[in-house]
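When a residue number appears, it is its place in the shown sequence, counting from 1.
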Amino acid sequence: MGIYRFLLSIFVAISHAGVLINGLNPGVIAVISFFVISGYVMTALISKNYFAPNKIVWFYLDRILRIYPQYLFNLIAVLIIYSIFGLKSHFLIQPTVIGLLQNLLILPMGFYMTPWVGDKFMIIPPAWSLGLEGCFYILIPFLLIYKLEKVFFLLSYIVFLIAYLGIINTDYFGYRLIFGTIFMFFCGSFLHKNNNISTNQPVKYTLVFSCLLLATTFFYPSLILPYNREVLIGLILGIIILPLLIKIKRTYFDDFLGNLSYGLFLSHYLVIFEFETLGIQWNLKWILLMLLFSTFLSAIGFLCFENPVITWRKNIRNKHN
């Protein structure tokens, strides 16, 4: 699964360099597949270590220790370079103390489209999806312990369908907010309980219906709204590929790339900020250099900041296993 997550991070990075595949945004496809994987991994983690109301707070601490080391490394790196050299980006045009606090908390960044957050000071722009994941982390232990997964799955799918039809904002409610996306996380969660798609009713019907919704966009162009096709493709790929990845034996190389994937997801925008400030025009050479520099920063972030914390996370899990 590590190699796959690394490839998904590459898709996110190149999408921010303006790369499209047949007119589709590969970053959106990758993010949705990340959601499916996250649902699977979080369900496995909670089921094994934190499946009790009095253990939920320890699950939150586990997630904080996972998310923050590399996030703070990249956030501080951007701020230092921004302060010394200056960075030209529409994401950095209105720095404020409140904006800095919102970036530090991460969760508010998932609501950047609202007037009280905004997108004028996003130190790590892809962090909006971490804010969305944070919402999922808050909810998932309660929903699993009290067996509310299917209720929230159904409600979320209804919101997604309304967004798919364009009745409400498709981009926000069908891609960026928890209301219309938590069912995608639960597809991964359900696959943890039963990775046989043919006998997993919620996942099987989601897969079939998603294929129908995708096909419908080719007959009704009015449904080609941001990002209907990419979201559906990402969901379909996530559902199909995840059960296959589960069966593959982990290797050192797989773990190595998996460890770099999160850092690459975060650090590539620091490189993009620099390139845009220098006025670089994107082509294959600069995209490859961006990926190389971003991977190097990811390795530094993992080895120097995340790796030392892994022992703490393992101790927390062992204590509550």
Next item on the list: On the 0 to 90° scale, with breaks at 30° and 60°, tag the Tyr252-Phe256 ring pair as parallel, tilted or perpendicular.
Entry: parallel

Note to self: Tell me if the centroids of the rings in Tyr137 and Tyr60 come within less than 6.0 Å of each other.
What the structure shows: no

Notebook entry, point to check: Between CD1 of Ile182 and CZ of Phe160, what distance do you get to the nearest 0.5 Å?
Noted result: 15.0 Å

Name each donor-acceptor pair under 3.5 Å that joins a side chain in residues 4-18 to protein atoms two or more places apart or in another chain, with its distance.
{"residue": "Tyr4", "atom": "OH", "partner": "Ser33", "partner atom": "OG", "Å": "3.4"}
{"residue": "Arg5", "atom": "NH1", "partner": "Gly258", "partner atom": "O", "Å": "3.3"}
{"residue": "Arg5", "atom": "NH1", "partner": "Ser261", "partner atom": "OG", "Å": "3.1"}
{"residue": "Ser9", "atom": "OG", "partner": "Arg5", "partner atom": "O", "Å": "3.2"}
{"residue": "Ser9", "atom": "OG", "partner": "Ser261", "partner atom": "O", "Å": "2.8"}
{"residue": "Ser15", "atom": "OG", "partner": "Val12", "partner atom": "O", "Å": "2.6"}
{"residue": "His16", "atom": "ND1", "partner": "Val12", "partner atom": "O", "Å": "3.4"}
{"residue": "His16", "atom": "ND1", "partner": "His268", "partner atom": "NE2", "Å": "2.7"}

Margin query: Taking transitive links into account, so neighbours of neighbours count too, which hydrophobic residues share a cluster with Leu101 at under 4.5 Å side-chain distance?
Written below: Leu105

Could you tabulate the donor-acceptor pairs under 3.5 Å formed by side-chain atoms of residues 78-88, not counting sequence neighbours?
{"residue": "Tyr82", "atom": "OH", "partner": "Leu92", "partner atom": "O", "Å": "3.3"}
{"residue": "Ser83", "atom": "OG", "partner": "Leu79", "partner atom": "O", "Å": "2.8"}

Check: Hey, which of Leu45, Thr43, Leu144 is the one that makes side chain to side chain contact (heavy atoms under 4.5 Å, CB included) with Phe51?
Finding: Leu144

Next item on the list: Sort and list the pairs that fulfil side-chain hydrogen bond (donor to acceptor under 3.5 Å, both in side chains) and have at least one residue in residues 206-226, not counting sequence neighbours.
Entry: Thr217-Arg229

Margin query: Can you tell me if Ile310 has over 12 outside heavy atoms packed within less than 6.0 Å of its CD1?
Written below: yes

Show every donor-acceptor pair shorter than 3.5 Å between a side-chain atom in residues 287-306 and any protein atom, with sequence neighbours excluded, or say none if there are none.
{"residue": "Ser294", "atom": "OG", "partner": "Met290", "partner atom": "O", "Å": "2.6"}
{"residue": "Thr295", "atom": "OG1", "partner": "Leu291", "partner atom": "O", "Å": "2.7"}
{"residue": "Ser298", "atom": "OG", "partner": "Leu260", "partner atom": "O", "Å": "2.7"}
{"residue": "Ser298", "atom": "OG", "partner": "Leu264", "partner atom": "N", "Å": "3.3"}
{"residue": "Glu306", "atom": "OE1", "partner": "Gln70", "partner atom": "NE2", "Å": "2.6"}
{"residue": "Glu306", "atom": "OE2", "partner": "Arg66", "partner atom": "NH1", "Å": "3.0"}

Next item on the list: Take the angle between the ring planes of Phe190 and Phe186 and call it parallel below 30°, perpendicular above 60°, tilted in between.
Entry: parallel

Check: Do Tyr40 and Phe185 have their ring centres less than 6.0 Å from each other?
Finding: no

Side-chain donor-acceptor distances from residues 110-125 under 3.5 Å, at least two apart:
{"residue": "Tyr112", "atom": "OH", "partner": "Arg176", "partner atom": "NE", "Å": "3.2"}
{"residue": "Tyr112", "atom": "OH", "partner": "Arg176", "partner atom": "NH1", "Å": "3.4"}
{"residue": "Thr114", "atom": "OG1", "partner": "Phe111", "partner atom": "O", "Å": "2.5"}
{"residue": "Thr114", "atom": "OG1", "partner": "Trp116", "partner atom": "NE1", "Å": "3.4"}

